[in-house]
Protein chains: 2
Amino acid sequence: MKMAIQEIHQELGEDSISTDDEDLKMHGYSEWSSINIDRLPVAVAFPKSTAEVATIARVCHKYKVPMIPYSGGSSVEGHFAAAFGGVSVDFLNMSDIVDFHPEDMDIVVQPSVSWMELNENIKSSGLFFPVDPGPPDEKILAHLITSTSGTNAVRYGTMKDWVVNLTIVLPDGKIIKTRQRPRKSSAGYNLNGLFTGSEGTLGFVTEATLKLAAIPQETGVGMTTFKTIRDATNAATQIVRQGIPVGAVELLDDVQMDVINKMGATGRTWKKLPTLFFKFSGTKVGVQDNIEDVRKIVEENHGSKLEVEKDKAKQAVLWSARKEALWSMLCMRESGHEVWSTDVAVPLSRLPDLVEISKRDLDKLGLFGSMLGHVGDGNFHETILFNGNEKREMVSKCVHDMVHRAIEMEGTCTLLITIKGEHGIGLGKKEFMEKEVGEGSLSVMRGIKRSLDPFWLMNPGKVFDP
Amino acid sequence: MKMAIQEIHQELGEDSISTDDEDLKMHGYSEWSSINIDRLPVAVAFPKSTAEVATIARVCHKYKVPMIPYSGGSSVEGHFAAAFGGVSVDFLNMSDIVDFHPEDMDIVVQPSVSWMELNENIKSSGLFFPVDPGPPDEKILAHLITSTSGTNAVRYGTMKDWVVNLTIVLPDGKIIKTRQRPRKSSAGYNLNGLFTGSEGTLGFVTEATLKLAAIPQETGVGMTTFKTIRDATNAATQIVRQGIPVGAVELLDDVQMDVINKMGATGRTWKKLPTLFFKFSGTKVGVQDNIEDVRKIVEENHGSKLEVEKDKAKQAVLWSARKEALWSMLCMRESGHEVWSTDVAVPLSRLPDLVEISKRDLDKLGLFGSMLGHVGDGNFHETILFNGNEKREMVSKCVHDMVHRAIEMEGTCTLLITIKGEHGIGLGKKEFMEKEVGEGSLSVMRGIKRSLDPFWLMNPGKVFDP
């Protein structure tokens, strides 16, 4: 490892790689952790170009040193943890918009452009990039690594649907470009779809061309409460089933709404009830029409009143509850306590059952947890705060039960399951992956991994083991 | 090969495999060919279940016999040609809807269900499968093999966006299921995206779970003509740029409109001018709003009048020109003459240039060809009819020039380029693949292929060579 660091030093200069303790720590664990993980990267590299990333990969490949892509550190799932040591490659210095083609509705970016910065930059063109995860400063690389979903997914799909091409540095330092720049192509295998969401285990993305969408003429935000969580999920699935093109439909449970009130980040007191938040977007006439359709469903079937804002500033206030949900929850954590966050998805019709059973489970065990869901896709998050010394085992069982329940309902554990700050990253996950996709699919994935990264150097310990 | 056939006979019974001349011919070339290809499959297998497909694969794998998936034979690009002999596997007997989950908005089908049959079957549920390629009886397998696009793509995306999971028989006979049944998942690598569009080179799809969409409340069809092809493409890109959610926007050039008139398949005489056809879909109010937005653009900027039908029967008549375009063109072919069809896509802004230059090229060479495009995606087809004895070289040069031009405009050759009925399938293609995706990406694709199919048994000779 030392020789690799030295060689990168020599090839790319003094500032290209750091072994500073602070840097190693910063790149080895998430700021939401209460316990440090027991392994850190041995160095952090700061490439400034695709060519420099290729050099780093070539050197690491030569000395068989693990490489871990890093950008922004927004992961709450330990994606960048150095489970096997190695070099963390931080894309800090690669945050440029390389090229913007408004007339083609696409943009070429480096990995560390944040999605909000990107949208701020291009807004005068009438275009925007629609994949919007939680953190406002999340970098495009993070979108790509996880195939980010976010609240707009029900309308705009997920990250993989917006990739035109990727420039990738392979584990041995070779540079490839997956495709040219047409919006549609089926020439050869779909490498965009393979690399997007592969969690940095197949190569480094150093540049991406992304599709853009037209900024909608009109937008609106709506909110309504329900007596039960089942009513709320039923209303959401009914809206999707009828094909009403909502921009987003998000569920926050009573606990979550209460937490938002307690943290006071929104300047408003909300009812402590299961709540659906909606985004509407389209033409002036279209938005009004969609609002009326949604109003009809929630009023007629559930007796709920839909509150709507079309004024931009007021929209932001109404949406702020959704925006602040996760952060309010994380702020509730008492010092020394832990957070366990999970993410599951099931077929639409099973969502009410799963949410209801999982909430009952929490109550029965006296655990403090909230639910938040992209219900339009049958997808929801559960976040539990707990005292690790007393209740880790109980929480672990509760979460495992929920995930197994989801998989039995033909669902998915989607993202990884992590005890924040524990060294157990990726351990729990393996068990679920096999239950969910089966040994056969896993062995196909392993074959693909080996064909691209025979020495298992890229982000080892993530997704699945050899 | 004989031993493989015998063993399949023994394991699956008399009717499971045929070496009948008629069967071999039927599975070896397209009905649109004027010349037989010089190689045919040695046998045609007719599996009735995933397990039988696995048996066939296992036996073929043991004797190293090539396998070619076949369903419906709708390919006009020679996808099922037996370039290296081997066993054609016809999914004729696997055409059931296995399971339908209206409440989850998905459906489980066997490969040989046709998309129209599927939609006919489920229409009372208020749901439909939106990927609509040309041939009404095209099978789902064909959709999957090519990641079909079709006229609805601008609204609903392409085939890969509608796959929830796939059951796949690998080249060695192992059966895998890519995923469970949630509408959204990012557990492990995106095998759906990899197998969809891999043209049968990685394994047999034996079952697929597909997402469904809500049947729109209201639909409409519109049509308008333009003075020049540039005006037409400009109008189309303007509509997409403004984010008007049209269901489809299709360009037919003057030659194509003339051909439709001559073949008389639509019961109407059309103006011999570049024409845009539109589909609209959504709520009643939304559709009317979209129609008015499109009307404004074509009237104000191009002086064109938009003709619209909302009555279902009249919609079909108006859309019939688009529907009959390719078939009318193919019917124009004189006996003994050939058809050369290509498919390219470029960034939106380059489309007018590419179409204009390519049309000028045809005229200059005195070639008879028409243009038809999914212009909302920057994608168009050129179809040339010619006397092979006299003009093959000229046509070949003309098409090659266009494809190279498209790639230089950062576009794609998307589908294969074939002289119908010639044995040259896949030969011309290789050259373009390398120019388009580069040697690096090709070698990644080859690595993936080798990891799944080390003996290159699945549909050899397609997409790229070892």
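A, B, ... follow the sequence lines: proteins, then strands. Residue 1 opens every chain.
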**Study point:** chain B interface, residue from A/Met445, A/Gln217, A/His101 that has the most non-hydrogen pairs under 4.5 Å
**Key:** A/Met445
Review point. Does B/Glu103 pair with A/Arg350 as a salt bridge, N-O distance under 4.0 Å?
Key: no
Exercise for review: Could you tell me whether the side chains of B/Thr206 and B/Thr50 share a donor-acceptor contact shorter than 3.5 Å?
Suggested key: yes
Revision key, fill the gap. With chain A, the option among B/Lys449, B/Arg450, B/Lys174 that has the most non-hydrogen atom pairs under 4.5 Å is B/Lys449
Revision key, fill the gap. Turns out that what part of B/Leu170 lies under 4.5 Å from chain A's heavy atoms comes down to side chain
**Study point:** Side-chain touch A/Val344/A/Val403, heavy atoms, less than 4.5 angstrom
**Key:** yes
Point to revise | Which atoms of B/Leu452 approach chain A - backbone, side chain, both or neither, heavy atom under 4.5 Å | key: side chain
**Study point:** Contacting region of B/Thr201 [heavy-atom separation from chain A under 4.5 Å]
**Key:** both
Review point. In terms of heavy-atom pairs under 4.5 Å with chain A, which of B/Asn165, B/Asp293, B/Leu351, B/Leu202 leads?
Key: B/Leu202
Practice item. Output all residues satisfying side-chain contact (heavy atoms from CB on, under 4.5 Å) with B/Pro245, sequence neighbours left out; order by chain, then residue number. Key: B/Arg155, B/Asn290
Exercise for review: Please determine, among B/Ala406, B/Ser349, B/Ser443, B/Gly447, the option with the most heavy-atom pairs under 4.5 Å with chain A.
Suggested key: B/Ser349
Review point. What part of B/Pro216 lies closer than 4.5 angstrom to a heavy atom of chain A: side chain, backbone, both or neither?
Key: neither
Check your understanding: Looking at A/Leu191, A/Thr178, A/Leu194, which one has more heavy-atom pairs under 4.5 Å with chain B than the rest?
Key -> A/Leu191
